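Just below is one structure, and these are the notes that go with it.
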Amino acid sequence: MKRTFFCGTLACALLLLNACTFGDIQIETWSETQRDSAAVNSADSTDSGSDSGSTKTPEIKFQTALGERFYSENLVSPPAGSGEIYVTVDRAEVFATLAEAGIALEDTFPDSVVDGIQYDQASGTFRGDRVIVTLHFTVENVNATSPEHAWEPEFYEEYDFRVDALGACTEGPDFYFSKHDACSGSYYAFHLEPGETTEFEVSYLVRLENVPLESVVFQTADTKNGGPWVDLNLK
């Protein structure tokens, strides 16, 4: 009899506990601002306990301006790579032809500029309302290691990164890297040791049929929400 009474009491208690738990659940729709704030607060909270051995996750900005430094998660691609690496788009320029941009056709990424498709080699002009947008970058490696090395150690060293992982312009893939072939692993690879900073240019072939020049931005791919984008102020 006592056992029956005990089981019945325990069952009632569990039902009451579950009822309280379910009653406390609230479904909310957060704004983007709230999500960003929560992410930053979470990172700060993670960093607050020095005895836990954890380190603070750098803040990911969802909008930046020319000359503003931002953390580039996709150059690291954790957990393959690790650490902090920062990028600044210093300035942006627009050119109508390769000659104006100072780019030799043979120095472009293979098959990225094809005569009769994107390019008219006879006249030296582009087809289909295409223009060149050249971005000048500064990259600072604080203490980051390369994901490329983790994935393909036979081709990439520990501090070899790929500039094509940065992202692209609206309606425009990259086709030229000023330090191309600096590393054996890839046309777009560059080597940057911790504590070092480098500068380079990347050119994108932007097609203006679907977007006006002033609306072209540099879009990264750092996060599931699309990553930071940089307003290039093109005219």
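What you are looking at is a predicted structure, and each value in this text was computed from that prediction instead of being measured. If you read the sequence from its start, that first residue is 1, and numbering goes on from there. The figures here come from the full heavy-atom set of this structure, side chains too, leaving out hydrogens, waters and symmetry mates.
By the 4.5 Å heavy-atom criterion applied to side chains, L75 and P147 are not counted as neighbours. Between E171 and L208 there is no side-chain heavy-atom pair separated by less than 4.5 Å. With a 4.5 Å cut-off on side-chain heavy atoms, R127 and Q118 do not count as touching.
Side-chain N/O atoms of S203 and T134 include a donor and acceptor closer than 3.5 Å. In this structure, a donor-acceptor pair under 3.5 Å is absent between the side chains of Y119 and Q121. Of the N and O atoms on the side chains of S146 and D160, not one donor lies less than 3.5 Å from an acceptor on the other residue. Using a 3.5 Å distance cut-off with no hydrogens or angles, the side chains of R162 and Y156 do pair a donor with an acceptor. Side chains of D107 and Y176: no donor on one and acceptor on the other come within 3.5 Å.
Note on F109 and V163: same hydrophobic cluster, where clusters join Ile, Leu, Val, Met, Phe, Trp and Tyr whose side-chain heavy atoms are under 4.5 Å apart, directly or indirectly. Hydrophobic clustering (side-chain heavy atoms under 4.5 Å, transitive across Ile, Leu, Val, Met, Phe, Trp, Tyr) groups V94 together with V230. Both L105 and F177 are part of a single hydrophobic cluster, where members link through side-chain heavy atoms under 4.5 Å apart. Neither F70 nor W229 shares a network with the other; the hydrophobic side chains, linked directly or stepwise wherever heavy atoms of I, L, V, M, F, W or Y lie under 4.5 Å apart, form separate groups for each. Hydrophobic clustering (side-chain heavy atoms under 4.5 Å, transitive across Ile, Leu, Val, Met, Phe, Trp, Tyr) groups F126 together with V211.
Under the 3.5 Å distance criterion, the side-chain polar atoms of S77 are left unmatched by any main-chain donor or acceptor of A80. In this structure, the side chain of Y188 engages the main chain of D174 through a donor-acceptor pair within 3.5 Å. Formation of a donor-acceptor pair under 3.5 Å by the T198 side chain with backbone atoms of V139 is not found in this model. Here the side chain of N143 pairs no donor or acceptor atom with the backbone of P194 at under 3.5 angstrom. A donor-acceptor pair is defined here as one N or O able to donate and one able to accept, closer than 3.5 Å; no such pair exists between the side chain of E68 and the backbone of T64. Looking at E152, its side chain never comes within 3.5 Å of a backbone N or O of E148 through a donor-acceptor pair. For S72 (side chain) and V87 (main-chain N/O), no donor-acceptor pair under 3.5 Å exists by modelled atom type. In this structure, T170 contributes its side chain and V217 its backbone to a donor-acceptor pair below 3.5 Å.
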Passes side-chain contact (heavy atoms from CB on, under 4.5 Å), L66 versus D90? Steps please. CA-CA 6 Å; L66 285 173; D90 297 306; over 6 Å; no

Stepwise side chain to side chain donor-acceptor pair (under 3.5 Å) check, E84 with Y86: CA-CA 7 Å; E84 298 178 45; Y86 292 91; 2.5 Å; yes

Go through the steps to decide whether F161 and N141 satisfy the test side-chain contact (heavy atoms from CB on, under 4.5 Å), and finish with yes or no. CA-CA 10 Å; F161 301 88; N141 184 3; 3.9 Å; yes

Could you walk me through whether F137 and F218 satisfy the ring pair (Phe, Tyr, Trp, His ring centres under 6.0 Å) test, starting with their C-alpha distance in whole Å, then the side-chain angles of each, then the deciding distance to 0.1 Å, before giving a yes or no? CA-CA 12 Å; F137 290 95; F218 180 70; 5.5 Å; yes

Test side-chain contact (heavy atoms from CB on, under 4.5 Å) on L98 and I132; report intermediate values, then the result. CA-CA 8 Å; L98 289 174; I132 299 171; 3.8 Å; yes

Full working for side-chain contact (heavy atoms from CB on, under 4.5 Å) between T197 and T138: CA-CA 7 Å; T197 299; T138 298; 3.5 Å; yes

Going through the distances and angles, do H136 and E93 end up as a side chain to side chain donor-acceptor pair (under 3.5 Å)? CA-CA 9 Å; H136 299 258; E93 299 178 287; 2.6 Å; yes

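Going from atom CZ of R130 over to atom CD1 of I117 covers 9.0 Å, rounded to the nearest 0.5 Å. Between the CG atom of D231 and the OG atom of S215 there is a distance of 9.0 Å, given to the nearest 0.5 Å. The OG1 atom of T108 sits 10.0 Å away from the CG atom of L205 when rounded to the nearest 0.5 Å. Note that CZ of F175 and CD1 of I103 are 4.5 Å apart. Values are rounded to the nearest 0.5 Å. Note: L192 CG to E157 CD = 12.5 Å, rounded to the nearest 0.5 Å. To the nearest 0.5 Å, atom CD of residue E199 and atom NZ of residue K179 are 8.0 Å apart.
D115 pairs by the salt bridge (charged side-chain N to carboxylate O under 4.0 Å, His left out) definition with nothing, not counting sequence neighbours. Considering only residues two or more places apart in sequence or on other chains, R69 meets the salt bridge (charged side-chain N to carboxylate O under 4.0 Å, His left out) condition with E140.
Heavy-atom minimum distance, G167 versus Y204: O-CE2, 4.0 Å. The two atoms that bring S82 and V76 nearest to each other are N-CG1, 3.1 Å, heavy atoms only. Shortest non-hydrogen contact noted between V133 and C169 is CG1-SG, 4.1 Å. The nearest pair of heavy atoms linking G128 to R207 is O-CG, 3.4 Å. When all heavy atoms of P228 and Q219 are compared, the closest pair comes out as O-NE2, 3.6 Å.
Relative orientation of the F190 and F200 rings is tilted, given thresholds of 30° and 60° on the angle between their planes.
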